[in-house]
Amino acid sequence: HLRQCYRENRMHLSCCHRLAHRPGWIETSCELLNNPYSNELEAIFVARDVSREKQYEQVVNTLVTNDYDVIFVIDTNDSSLQLMRMAASSGTPLWSKDSKFSVKDIFSYLRRNCQESNVEEIIQQNSLSTIKKQLKNNALYTTNYSLIIQGKLCYKRMVYSYLGSDTRSILCAVQDYTESQRLEQQQKSTLENALREAKRAGAAKSDFLSDMSHEIRTPMNSIIGMTKLAQDEVLQNPQLALNYLDNIEASSIFLLGIINDILDMSRIESNKFELHYEWVLPSQLIDSVLSMIKPQMQKKGIHFYTSRPDSLSASTEFYVDVMRTKQILINLLNNACKFTPEGGTVHLEICRCHKEGSHAIDEIIVSDTGCGISSEFQKHIFEPFTQERNSQSSATQGTGLGLALVKKIITAMGGSVSLTSELNRGSTFTLKFPYEFRVRTTPAKTTEGIKADDAVLKGTCIMLAEDH
């Protein structure tokens, strides 16, 4: 082989190869010469460690391969381009590596595929005169544009620089930044949505504070005014004074409800909300709720119906948070009562939808024939501090926290709440209520024959001691 190289006048040979026993590269070079004294062909071999150079070369190649789709050199004398590298996924016309083409070919390609409205301006930015002008004062010059490649929108960046100190050659590297652009737009969209949500939440809280100042001021003024009137009439007209005290009691209860809702929401949002489970007879829990709701329905002239499954037997106990379960049911039934006109209908239905071992899921459905909820507001119905403004709801007192609390509590229990509603036709709230159950081994004490009715309490004196 060496003799053949000598006959072909190839006097210098070299090759690089990895070391076999340790990391590194060696460059072996060979110089061929004819010994003038012996007239014999001689070869001088030199081995040189080029590990550092090879490593640097690999680093550069890796960076170039990962970061750039196309690399070419522009000859400033005749505007010709020499292609140095092109990835198959670049979408650029596949000229052969050794072929030459001109800047005009790039411009034609941009006119065909660039999606920018100012394509001529982009072409001007990539003209040789503009590139040379920019490189006078800058080491790098960058332009951006977008292309349609195989039916997909892609974003490209062209980076220009002189090739070392040679101002006759300009290196151009084309970089694809489609993925980073997509992530940037996604992050921008997320931030914009978060900003809109923050503004909406801020506006909702501002509205809430405005409403609460009115909601709290109204019962407080009533309490103060009625107290003064009761004091004036307590001796001269005791019956009138009692009427004032009844009004004070009603205003106090309403004010306490507002404060409780605010405190509950504060606990939930500060992660201080806890569920306290205990065994309870479901019939007792439901009867307790109905005893509070039925008088309101009767007073307003609303037809109130309940449907219970046979599974709610006297021997079955549920493991639930009794207070929070009552709160959910009372909030939903109170809303149904508030927004249903006289002569309307409210229906509470409980049905078993799933059972596995000692765990079950019931559907609790509260439906009414009230004013309903618009489709637009249904998107925000479970958000705190929100209330729909219409002729029916504007006349109804409330904090806008009741349904938000229902959503938070039932979610904490592992369930869910959904809504179907039509404006001026009524609403239906459906709870998926999960729980554990067991069958009592000893029968519970029953109070058969006693019903939840105000008439039972007439003429009876009661002392209530409540521990807060």
Novice: Can you tell me if H12 and S29 form a side-chain donor-acceptor pair at under 3.5 Å?
Specialist: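 Result is no, nothing qualifies.
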Novice: Which atom names give the shortest non-hydrogen contact between L19 and W25, and what distance separates them?
Specialist: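 Taking every non-hydrogen atom into account, CG-N, 4.5 Å.
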Novice: Between F318 and F437, does the ring centroid distance fall short of 6.0 Å?
Specialist: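 They do not qualify: ring centres at least 6.0 Å apart.
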Novice: Using a strict cut-off of less than 4.0 Å between a Lys/Arg side-chain nitrogen and an Asp/Glu carboxylate oxygen, indicate whether R308 and E349 qualify as a salt bridge.
Specialist: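 No, R308 and E349 are not salt-bridged.
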Novice: Please give me the minimum heavy-atom distance between Y277 and D321, naming the atom from each residue.
Specialist: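 Answer, listing the atom of Y277 first, then D321: CD2-N, 3.6 Å.
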Novice: Would the distance check show the side chain of D105 and the main-chain N or O of S102 forming a donor-acceptor pair, the cut-off being under 3.5 Å?
Specialist: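 Checking the backbone N and O of S102 against the side chain of D105, a donor-acceptor pair under 3.5 Å is found.
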Novice: Taking the side chain as every heavy atom from C-beta outward, state whether Y6 and N34 have any atom pair closer than 4.5 Å.
Specialist: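 The answer is yes, as the side chains (C-beta and beyond) meet within the 4.5 Å cut-off.
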Novice: Any donor-acceptor pair under 3.5 Å linking the side-chain atoms of N35 with those of E42?
Specialist: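 Side-chain D/A pair, E42 to N35: present.
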Novice: Salt bridge check: are R324 and E274 linked by an N-O gap of less than 4.0 Å?
Specialist: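 A salt bridge is absent here (no side-chain N lies under 4.0 Å from a carboxylate O).
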Novice: If I compare all heavy atoms of A139 with all of S161, which pair ends up nearest, and what's the gap?
Specialist: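 For A139 and S161, the tightest heavy-atom pair comes out as O-CB, 3.4 Å.
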Novice: For N126, which of T130, I123, I122, L128 qualifies under side chain to side chain contact (heavy atoms under 4.5 Å, CB included)?
Specialist: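 Of all the options given, the one that passes is I122.
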Novice: Does a donor on one side chain sit under 3.5 Å from an acceptor on the other, for Q185 and R182?
Specialist: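 Not at all, the side chains of Q185 and R182 share no donor-acceptor pair under 3.5 Å.
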Novice: For K132 and T76, which I'm curious about, is there any donor-acceptor pair between the side chains at under 3.5 Å?
Specialist: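 Side-chain D/A pair, K132 to T76: absent.
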Novice: Does the structure place the NZ or CZ of K156 under 6.0 Å from the centre of the six-membered ring of Y145, at an angle of no more than 45° from the ring's axis?
Specialist: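 Because its charged atom misses either the 6.0 Å distance or the 45° angle limit, K156 does not stack over Y145.
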Novice: For residues L419 and Q378, determine if any side-chain heavy atom of one lies less than 4.5 Å from a side-chain heavy atom of the other.
Specialist: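 A side-chain contact exists here, since the closest heavy-atom pair is under 4.5 Å.
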Novice: Do I364 and T430 come within less than 4.5 Å of each other through their side chains, counting heavy atoms only?
Specialist: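 The answer is no, as the side chains (C-beta and beyond) never meet within the 4.5 Å cut-off.
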Novice: If you define the side chain from C-beta out and look only at heavy atoms, does anything of L81 sit under 4.5 Å from V73?
Specialist: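 Heavy-atom side-chain distance check fails, nothing below 4.5 Å.
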Novice: So, Y435 and D362: side-chain donor and acceptor under 3.5 Å apart, yes or no?
Specialist: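 Yes - a donor-acceptor pair under 3.5 Å links their side chains.
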Novice: Please determine, by modelled atom types, if E120 and Q124 share a side-chain donor-acceptor pair under 3.5 angstrom.
Specialist: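 Their side chains do not contain a donor-acceptor pair, so the 3.5 Å distance test is not met.
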Novice: Verify the distance criterion only: is there a donor paired with an acceptor across the side chains of S367 and T428 at less than 3.5 Å?
Specialist: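 No, because no side-chain N or O of S367 sits under 3.5 Å from a partner of the opposite role on T428.
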Novice: If you draw a 6.0 Å radius around CD in E356, do more than 12 non-hydrogen atoms from other residues or ligands fall strictly inside?
Specialist: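 12 or below, so no.
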Novice: Kindly say whether I26 contributes a backbone atom to a donor-acceptor pair with the side chain of D49 at under 3.5 angstrom?
Specialist: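 The answer is no, because no donor-acceptor pair under 3.5 Å joins these two groups.
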Novice: Counting only heavy atoms from other residues, nucleotides and ligands, does the tally under 6.0 Å from CD1 of I44 exceed 12?
Specialist: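 Not more than 12 within 6.0 Å, no.
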Novice: Around atom CZ of R438, are there more than 12 heavy atoms of other residues, nucleotides or ligands at under 6.0 Å?
Specialist: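 Result for CZ/R438: enclosed.
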